[in-house]
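Here's the structure, in structure tokens; my notes come after.
Both counts, for ligands and for their atoms, begin at 1 and track the order of listing.
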Amino acid sequence: MSDHDDPHPAIRSAREEDLPEIHRLDNEVFTSSPYSFLVLRQHFDAHGDHLLVRYEGESLQGYVLSAVRADRLAGWVHSLAVAREQRGRGLGRQLMEEALRRLDEAGVLEARLAVEPANTPAITLYEALGFSPDGAVQQDYFGPGEERLIMSLKL
Ligand SMILES: CC(C)(COP(=O)(O)OP(=O)(O)OC[C@H]1O[C@@H](n2cnc3c(N)ncnc32)[C@H](O)[C@@H]1OP(=O)(O)O)[C@@H](O)C(=O)NCCC(=O)NCCS
């Protein structure tokens with residue numbers, strides 16, 4: 001897909017040279033469990049079209065990472081981050097809208113994600129986009145003590 005018909009033209013697919021900046025922002029935002037550069041690199045290699053960035057000048061404002069299951073029944077939004085000083089300006093919503101648009105365009109039937117039950121800003125955003133919880137909170141989802149709420153949205 002080209003970036004030309006994109007309703008959010010400031011958001012584009014990540015390029016290899018963006019990886020250090022994405023890694024830096026990821027460490028800043030997810031202090032307790034950031035992606036290692038290795039995992040980030042592997043996601044980029046495997047899901048490049050679904051690793052999206054938004055910059056203001058040289059500064060990375062946010063990124064979103066999704067992945068499409070081979071059967072296209074689901075696409076997972078694995079990560080969404082907006083720099084602290086850029087929050088509350090609609091960037092998280094724009095990144096999610098573009099990620100969902102690309103999943104839909106790829107023929108994915110349902111978007112899914114895992115979110116910490118206490119993460120009110122993220123859950124409020126996901127609900128505003130139409131996501132709803134898929135059952136109860138799952139204990140130890142990402143390892144001991146790492147409970148998550150799974151949310152889904154039909155595309
Ligand atoms: C969640 C996150 C991406 C939202 O990004 P953002 O750019 O601030 O969000 P937006 O400005 O686009 O807000 C969109 C909607 O989200 C909700 N929202 C955003 N911040 C919120 C807050 N602090 N409290 C409650 N709702 C909030 C609102 O519904 C908002 O719509 P509104 O502006 O019409 O009220 C951002 O807070 C973030 O990076 N958090 C840390 C990383 C994280 O938790 N990622 C998600 C992991 S699952």
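- Taking a distance limit of 4.0 Å, we find that atom 2 (C) of ligand 1 is approached by no protein heavy atom.
- Atom 29 (O) of ligand 1 has Thr124 CG2, 3.3 Å as its closest protein atom, hydrogens excluded (heavy atom only).
- For atom 6 (P) of ligand 1, the nearest protein heavy atom lies closer than 4.0 Å.
- Protein heavy atom closest to atom 23 (N) of ligand 1, with residue, atom name and distance, is Pro121 CG, 3.5 Å.
- Shown in contact with Val29 at under 4.0 Å from a heavy atom are these atoms of ligand 1, numbered in order with element: 41 (C), 42 (C).
- Checking Arg148 against Gln138 by side-chain atom types alone, no donor-acceptor pair falls below 3.5 Å.
- The distance from ligand 1 to the heavy atoms of Arg89 drops below 4.0 Å at these ligand atoms: 11 (O).
- The aromatic ring centroids of His43 and Tyr35 lie less than 6.0 Å from each other.
- When atom types are taken as modelled, the side chain of Asn119 and the backbone of Glu116 share no donor-acceptor pair closer than 3.5 angstrom.
- When each of Val53, Val77, Ile11 is tested with Val64 by the rule side-chain contact (heavy atoms from CB on, under 4.5 Å), just one qualifies, namely Val77.
- For atom 31 (O) of ligand 1, a protein non-hydrogen atom is found at a distance below 4.0 Å.
- Of all heavy-atom pairs between Ala114 and Tyr141, the closest is CB-CE2, 3.8 Å.
- No continuous path of hydrophobic side-chain contacts links Ile150 to Tyr126 [ILVMFWY only; heavy atoms under 4.5 Å].
- The closest protein non-hydrogen atom to atom 48 (S) of ligand 1 is Tyr126 OH, 3.2 Å.
- Here the protein heavy atom with the shortest distance to atom 14 (C) of ligand 1 is Leu125 CD1, 3.7 Å.
- Following chains of ILVMFWY side-chain contacts shorter than 4.5 Å, one cannot reach Leu51 starting from Leu103, and the two form parts of different hydrophobic clusters.
- Looking at Leu80 next to ligand 1, an N or O pair under 3.5 Å apart turns up.
- Considering all non-hydrogen atoms of both residues, Arg72 and Val68 come closest at NH1-CG1, 3.4 Å.
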Verdict with supporting geometry, Asp18 and Tyr55, side-chain hydrogen bond (donor to acceptor under 3.5 Å, both in side chains): CA-CA 10 Å; Asp18 296 319; Tyr55 279 84; 2.8 Å; yes

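- Here the closest heavy-atom approach between residue Asn27 and residue Pro34 is recorded as OD1-CG, 3.4 Å.
- Within a 4.0 Å radius of atom 37 (O) of ligand 1, the protein contributes one or more non-hydrogen atoms.
- Protein heavy atom in closest approach to atom 44 (O) of ligand 1: Asn119 ND2, 2.7 Å.
- Annotation: Gly90 places an N or O atom under 3.5 Å from an N or O atom of ligand 1; distance criterion only.
- No part of Tyr63 comes within 4.0 Å of ligand 1, judged by heavy-atom distances.
- For atom 39 (O) of ligand 1, the nearest protein heavy atom (residue, atom name, distance) is Val82 N, 2.9 Å.
- Considering backbone and side-chain atoms together, Gly92 places an N or O closer than 3.5 Å to an N or O of ligand 1.
- With Asp104 contributing its side chain and Leu155 its backbone, the two residues share no donor-acceptor pair below 3.5 Å.
- Below 4.0 Å from some heavy atom of Ala81 lie the following atoms of ligand 1, by number and element: 39 (O).
- From the protein, the heavy atom lying nearest to atom 12 (O) of ligand 1 is Arg93 N, 2.8 Å.
- In terms of protein heavy-atom proximity, atom 8 (O) of ligand 1 is nearest to Gly88 N, 2.8 Å.
- Of the candidates Gln94, Arg102, Met96, Glu98 forms a side-chain contact (heavy atoms from CB on, under 4.5 Å) with just one, namely Arg102.
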